[in-house]
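See structure below.
Chain letters run A, B, ... following the sequence lines, proteins first, then strands; residues in each count from 1.
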Amino acid sequence: MKITDNLNPKQLEAVQTLEGPLLILAGAGSGKTRVLTHRIAYLMYEKNVYPNNILAITFTNKAAKEMRERLEKLIKQSVDNLWVSTFHSACVRILRREIEVLGYTSNFVIYDNADQQTLIKMILKDMNLDEKKYTPRSIITQISSYKNELKSPTSAKKTAENYYDEVTCDIYEKYQTRLKENNAVDFDDIIMLVVLLFQKDKEILQKYQERFKYILVDEYQDTNTCQYMLIKLLAEKHHNLCVVGDDDQSIYGWRGADIRNILNFENDYQNTKIIKLEQNYRSTQTILDAANGVISNNSDRKSKSLWTDQSGGDKVYLHTAHDELSEANFISRKIREMSKENSLGFNSFAVLCRTTVQFRAIEDGLIRNQIPYRIIGGTKFYDRKEIKDVLAYLKILVNPADEISLKRVINTPKRGIGDTTWDHLKRHATNKNITVFEALNTPEEAGVSSRATNPIKNFKKIMDEFIILSKKTDITNLTNTILADTGYIEELEAEKTIEAATRVENIKEFLSVTLDYDTKNPGGDLETFTAEISLFTDIDNYDQNEEAISVMTIHAAKGLEFPTVFIAGLEEGIFPHIRSINSGNNTELEEERRLCYVAITRAREKLFLTNAWSRMIFGRSTSNAKSRFLDELPLELIESEARIKTKATFTKNVETQIVTKTCNSSYDVGGKVEHQKWGIGVIVSVKGSGEDAELNVAFPDLGIKKLIAKYAPISII
DNA sequence: TACGTTGGACTTTTT
DNA sequence: GTCCAACGTA
């Protein structure tokens, strides 16, 4: 069998066009991974390109793993020196070798979101800034987008438009300094630093340019400026760059992904060849029509129309439930019914949600109906407190300069080393220009209370022992020793609560991860292990063959497919998300629409859409209008039970309304407002004032709606 | 220093 | 409804 067998003409062309820039516009389900793997095989076997001259980049480890597996299956052997990896892990590999040029050392650690947050909080405290005004979360987002745009603190400050931005840039500068002092990098640094490295040291750049003669990038529509630049630098020499993507599936704009990277590819690279893959092998015609119906409402797309030879198919089923619990119930019952009738495995079903908060209700319903499920996303395994604690211990052993991890575990389990003591140690370390870890050697000099000196010395002593041990034993043994010698497990077991028992269970699971790593990488080092863990996500572990239904966010579902898909919460405010409606700009709404397109195209045969009349948000019941995306679906594709809005549903709610006192706001009880969609209504209660006011407004025939003055499209009459 | 209580603020999506 | 920071108490 030849490598090029079983490819359609377009796919074949994409596989055989090897020299020069190539843009493959691959619609959902058009055999994109197939093309990429065949292309790599073709390079190796038909053109005798060495595997180490090829670089294939994906966004998730799962995609990388899958690509490698499919390639090895195709060529019936394993390839070692071929780089198939994510942006992040490829860049970590490069940094491990070259980072010293930038003044870090090669044992750097990676800070995740929570670590970033801790560091930002420390800096805010140092700078005497109010956490309420400068929320760590928004600061981090801002810094992240600066980095994604390759802006240094100095260059960012030049574009600052107001005082707040200027302060943010100051924080950014301090943050970057502290990271370097801790010999740590955050997720964005991983890629940005490689770009800076390449720009600084042409020799290093040339080395990698020379090595990677053929570059392939998957999901190109999701690249940000920084990733774009990285690829541009690498491909500058040979121009053999093949990017695959679908502008309709660009859903990471909020993370800095710039859809223009794919839209302008042909202008960026001269003599670009464009190949469109439009035949869909996944879904029925009905599902494709539904998806096209929605996405056609977006402007600024590359024209493309998916087609399939699987005509017809079941209609899209729409169900409106009373609230989120009955929505979950409907989904669960339907799954039970269908799996029984058609003897389908539970892994044929997926429930997709816009946000993770929706998971709780869905989970409830599935448990009540005894349906095996697993949740992908939400609180991640590696985000759990106990796992982060253990990892923090390991990270200090790799890199004792890592202050964030040190602060995390210095008093976990409790040893009587509190915040005051920490402050003393930190001040002393700063004065003497040493790390806090080193300062632990001389607590007396640091001026800590006499009560704390012994605990500090004991702590330092076991940590030093762990460092020695880490050099001569495997990670499982090391972790076990840490858990025992620090008394961590003991403290948990003494608690005798269900919660503590779960934590112990989680730690055991972590130990099975370390064991797996030790077995697969004999003599493997701690640095690599901790870095790999940091870059690992829930979805990477995902096994689609497991007998359970999948509950996940639409973002997590990208790249996956299921025979039956449920999309829950199709309501204005949920999907599209309130923030995109609120932002008032069309860009964000279009991204929501693309998200909807991605969700729909996950389905192979059956698609169910659900929403609810009322839903608990923020601990209070809210009614949302049905999602605008439902109106965009061609009517003839939809099947739904006839449901009439009864007045009873709403009058029942009226009794529970409490009229609060009228504030001096312009919204008064008894007053009238006009709503863009629902017409004129009477205010029955007001809570708060001004734009923050929460109103209950009665609309004729619609009942009482809860509205937030600032978000709702209303005006006072 | 540790711990329990309380009041306030917030919830998009992730490598 | 939940998480976190701040505060007061042991």
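Comparing A:H577 and A:R415 by the nucleotide of DNA chain B whose heavy atom lies nearest to each, the residue mapping closer to the 5' end is A:R415.
Inter-residue side-chain proximity for A:Y517 and A:E532 is flagged as met; some heavy-atom pair is nearer than 4.5 Å.
As a whole-Å value, the separation of A:E591 CD from B:dT13 P is 13 Å. A straight line from CD1 of A:I140 to P of B:dT13 spans 15 Å, rounded to a whole angstrom. Distance CG (A:D222) to P (B:dT13): 17 Å, rounded to an integer number of Å. Taking atom CD of A:E571 as the reference point, atom P of B:dT11 lies 21 Å away to the nearest angstrom. Computed from coordinates, the A:H424 NE2 to B:dT1 P distance equals 9 Å when rounded to whole Å. Between the C1' atom of B:dT13 and the CZ atom of A:R579 lies a distance of 11 Å, rounded to the nearest Å. A:D112 places its CG atom 12 Å from the C1' atom of B:dT14, with the value rounded to the nearest Å. Between the CE atom of A:M552 and the C1' atom of B:dT14 there is a distance of 14 Å, given to the nearest Å.
Ion pairing between A:R408 and A:D115 fails under the 4.0 Å rule for side-chain N and carboxylate O. Between A:R260 and A:D258 a salt bridge is recorded (basic side-chain N to carboxylate O distance below 4.0 Å). Salt-bridge annotation for A:D222 and A:K558: present, with a side-chain N of the basic residue lying under 4.0 Å from a carboxylate O of the acidic one. With salt bridges taken as basic N to acidic carboxylate O contacts below 4.0 Å, none links A:R427 and A:D423. Using a 4.0 Å cut-off between a side-chain N of Lys or Arg and a carboxylate O of Asp or Glu, A:D112 and A:K388 qualify as a salt bridge. Salt-bridge check for A:E363 with A:R360: failed, with every basic side-chain N at 4.0 Å or more from each acidic carboxylate O. A salt bridge does not link A:E386 to A:R384: none of the charged nitrogens lies less than 4.0 Å from a carboxylate oxygen.
Residue A:N148 has no polar side-chain atom (N or O) positioned under 4.0 Å from OP1 or OP2 of B:dT15. Dashed line: the shortest gap from a side-chain N or O of A:S89 to OP1 or OP2 of B:dT15 is not under 4.0 Å. Look at A:T60 and you won't find any side-chain N or O under 4.0 angstrom from OP1 or OP2 of B:dT14.
Across all strands, A:F87 comes closer than 4.0 Å to no nucleic acid atom at all (heavy-atom distances). Residue-level contact check: A:S534 touches neither bases nor backbone, having no heavy atom under 4.0 Å from any strand. Within the nucleic acid shown, A:R137 comes within 4.0 Å of sugar-phosphate atoms alone, with no base atom in reach, counting heavy atoms only.
Near DNA chain B, meaning a heavy atom under 4.0 Å away, the residues from residues 251-262 of chain A are A:Y252, A:W254, A:R255.
Checking side-chain atoms of A:D323 against main-chain N and O of A:S326 turns up a donor-acceptor pair under 3.5 Å. Panel note: side chain A:E444, backbone A:T453; no donor-acceptor pair is recorded below 3.5 Å. Side chain of A:N298 to main chain of A:I295: no donor-acceptor pair is present (N/O by atom type, distance under 3.5 Å, no hydrogens or angles).
If you take CG on A:L595 and CG on A:L589, they are separated by 11.5 Å, rounding to the nearest 0.5 Å.
A donor and an acceptor atom sit less than 3.5 Å apart, one in the side chain of A:N113 and one in the base of B:dT15.
Ring planes of A:W83 and A:Y208: tilted class, angle from 30 to 60°.
Taking atom C1' on both nucleotides, B:dT13 is separated from C:dC4 by 23 Å, rounded to a whole Å.
Which of B:dT1, B:dT13, B:dA2 sits closest to the side chain of A:K414 comes down to B:dA2.
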Strictly under 4.0 angstrom, non-hydrogen atoms only: write out the protein contact profile of nucleotides 1-10 of chain C, one letter per nucleotide from the 5' end, B, S or -.
BS--S-----
Could you list all N or O pairs between the protein and nucleotides 4-6 of chain B that sit under 3.5 Å apart?
none

